[in-house]
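Contents: one structure, followed by commentary.
Values below: all heavy atoms of this structure, side chains included; hydrogens, waters and symmetry mates excluded. Lettering of chains follows the sequences in order, A, B, ..., and the numbering in each one begins at 1. Worth saying up front: this structure is predicted, and the values here are computed from it rather than measured.
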2 protein chains.
Amino acid sequence: MARRNDHTSQQLSDKIIASAIEFLQHQPIRDLSLRALAKSVGYSAGTLINLFRNYNLLLLAVSGYTLDQIHQQLNDDVTKANKDNASQLIVSLALEYLQFASDHPYQWRQVFEHQLDSGLEINLIHQHKIDRLFCKVEPLLKQLAPQAIELDIIKASRTLWASVHGICLMSIEDKLFMPTQVTSEALIESLINHYLTSWVDNQTKESFYVN
Amino acid sequence: MARRNDHTSQQLSDKIIASAIEFLQHQPIRDLSLRALAKSVGYSAGTLINLFRNYNLLLLAVSGYTLDQIHQQLNDDVTKANKDNASQLIVSLALEYLQFASDHPYQWRQVFEHQLDSGLEINLIHQHKIDRLFCKVEPLLKQLAPQAIELDIIKASRTLWASVHGICLMSIEDKLFMPTQVTSEALIESLINHYLTSWVDNQTKESFYVN
DNA sequence: ATTCCTTATTGAACACTGTTTAAAATATAA
DNA sequence: TTATATTTTAAACAGTGTTCAATAAGGAAT
C-alpha cells in the first residue's frame, strides 16, 4: 500500500506507546506482540518497525514512558509534602512507589523485566531514568544527616531504594507469604523507620562501627 | 521413529535440567529454546514435551532445581557457622545469597523471571520453595529477640529478605549506579546491621512506636 | 517363536513470533 | 506535469512452542 499521512510520526509513536500502556493495564507484556499492537493502532507491523527500528526498542520507549510517569508522580509527592520531616517524606515516597506498582503491576514489571541488549547508547538514557528514582532520596538523607560524607549518602540511598524495590517486587508477585494482617505497606514502613533510626543515630555520633 | 530406552525417564529429565542449567551459566534464558535444548541432549522437541507436558513446566523444573541448590547452600552455611552470633549469621546468609546471584546471574534470574501460569498445583511447590528461603531467618530473629511475637518475626523476616533480594537484583543488573568503592556486599551489611540494630532495640524495649 | 499390546520417539504440520525486502502509492518539489 | 522522496504494506523467511499420527522397539502372553 501507500502512504497515508493521517499522523505525523510523532503522533503515531505516541499513539503506539499509549496503546501498549493501555494493554499493560490488563495483561502482562509477554501476551503482547508486535503484530497485535500494530493492529490495535490500525497500522502494519512494518510501520512500527520503521518507527522504532525493532520491537525491543519499542518496548524500551514504553518502559521510558512509565519511568517518566513514576518520576513525575514522586515529584508531585515531594513538592506538596511537609518538608520538615525528611524521614516521613522518604516513607511517603516509598509508599507512592509501592502504590504505583500495585495499581499497575504489569506496567511496572515491564520496566524491570525488559532486557536491554548491551552496547546501545539509548540504554544509557534508560539507565539514567532508573538512576533518577534512586537518587531521589539523597537530598532527604542529607537533610537528616547534614554532616554525612557523600559516599555514605550514596550507600544509604541505594540500600534503601533497592530494598524498597525488592519489597514492591515480592509484593506484586505474591511471594511474601504473610498473614493478611501484615501488609506490604507495613514492611516498607518497618524497613525505612528502622534503617533510618540506626543510620541517623550512627551518622550523628560519627561512629565507625556500622556504616 | 521408535523407542530407544537408553535412559529411564527420570535419567532423561535430569539430563535435560542439567543441560539447561549448564546453558544458563553462559547465556540468559531468553536465548534458550525448546528445540535447542532438545538438540543438546540428543532428543526431539516432542520428547521433552512428553516428559514435562510443556516448555513452561520444564522451565519450572529448572527453576525448582536452582531453588533447591540455593536452599542447600544456605543450609550448609548455617550448620557450619558460629551459632552464638545470630545477627552475623543473617549477614552471612544474605552474602551467600548475593554470592550465588553474582556467580550465576542468568540462572538466578531465571527463577524469578519465570511467569507461572496461574491455577496449577505445581506452582504451590514452587512458591513453597521460595517461601523456604524467606523463612530461613525466622529462627535467627527469634534468637535475637526471644520475647518478640510471631507477627513481628514474620514482618521482620519478610522485610529483610525482600530487601536483600532487591539489592541482589539491582546488583546483578548493574542498576545501582555507585562508585566502585561501594560494593553490593557493603549495601547488604548496611541494610542488615542498621535494620537489626533498631529492630532488636525496639523489641527488647517492647516499644510500640516503631514496629 | 509368534502374536499382541503398550510405550517411547519422532517428523511433519500448525499457528504464531520479529524482521527483511521489494513493490506500490501518495506527498512534495522542480 | 514530471520527477523525486517518503510512507506504507504484503509477502517471504527463519524461528518459536505445541499437536498428532505414524513408527518401531520392549515386554507379555500364547
Spacing of [X] atom [atom1] relative to [N] atom [atom2], expressed in whole Å:
{"X": "A/L37", "N": "C/dT19", "atom1": "CG", "atom2": "C1'", "result": "16 Å"}
{"X": "A/N56", "N": "C/dT17", "atom1": "CG", "atom2": "P", "result": "16 Å"}
{"X": "B/L60", "N": "D/dG17", "atom1": "CG", "atom2": "P", "result": "16 Å"}
{"X": "A/R53", "N": "C/dT19", "atom1": "CZ", "atom2": "C1'", "result": "13 Å"}
{"X": "A/D31", "N": "C/dG18", "atom1": "CG", "atom2": "P", "result": "12 Å"}
{"X": "B/N50", "N": "C/dT9", "atom1": "CG", "atom2": "P", "result": "9 Å"}
{"X": "B/L57", "N": "D/dG17", "atom1": "CG", "atom2": "P", "result": "14 Å"}
{"X": "B/F52", "N": "C/dA8", "atom1": "CZ", "atom2": "P", "result": "14 Å"}

base_contact_polar (C/dG18 base, A/R35 side chain, donor-acceptor, <3.5 Å): yes
Any donor-acceptor N/O pair under 3.5 Å between D/dT16 base and B/R30 side chain: no
Minimum-distance nucleotide to [X] side chain [options: [options]]:
{"X": "B/I49", "options": "D/dT18, D/dT8, C/dT10", "result": "D/dT18"}
{"X": "A/N54", "options": "C/dT19, D/dT9, C/dG11", "result": "C/dT19"}
{"X": "B/T47", "options": "D/dT18, C/dT9, D/dT8", "result": "C/dT9"}
{"X": "A/S44", "options": "C/dT9, D/dT18, D/dA10", "result": "D/dA10"}

Gap separating the CG atom of A/D77 from the NZ atom of A/K136, nearest 0.5 angstrom: 10.5 Å
Separation of A/L58 CG from A/L32 CG (nearest 0.5 Å): 8.5 Å
Given DNA chain C, 5'-ward residue of the pair A/G46 and A/A36, judged by closest heavy atom: A/A36
Whichever of A/S33 and B/L12 has its nearest DNA chain C nucleotide further upstream toward 5': B/L12
Aromatic plane relationship, B/Y97 with B/H165 - under 30° parallel, 30 to 60° tilted, over 60° perpendicular: tilted
Distance below 4.0 Å between A/Y55 side-chain N/O and C/dT19 OP1 or OP2: no
Option passing side-chain hydrogen bond (donor to acceptor under 3.5 Å, both in side chains) with A/Y195 (candidates B/S198, B/S190, B/S163): B/S190
Lys/Arg N to Asp/Glu carboxylate O, A/K15 vs A/E22, below 4.0 Å: no
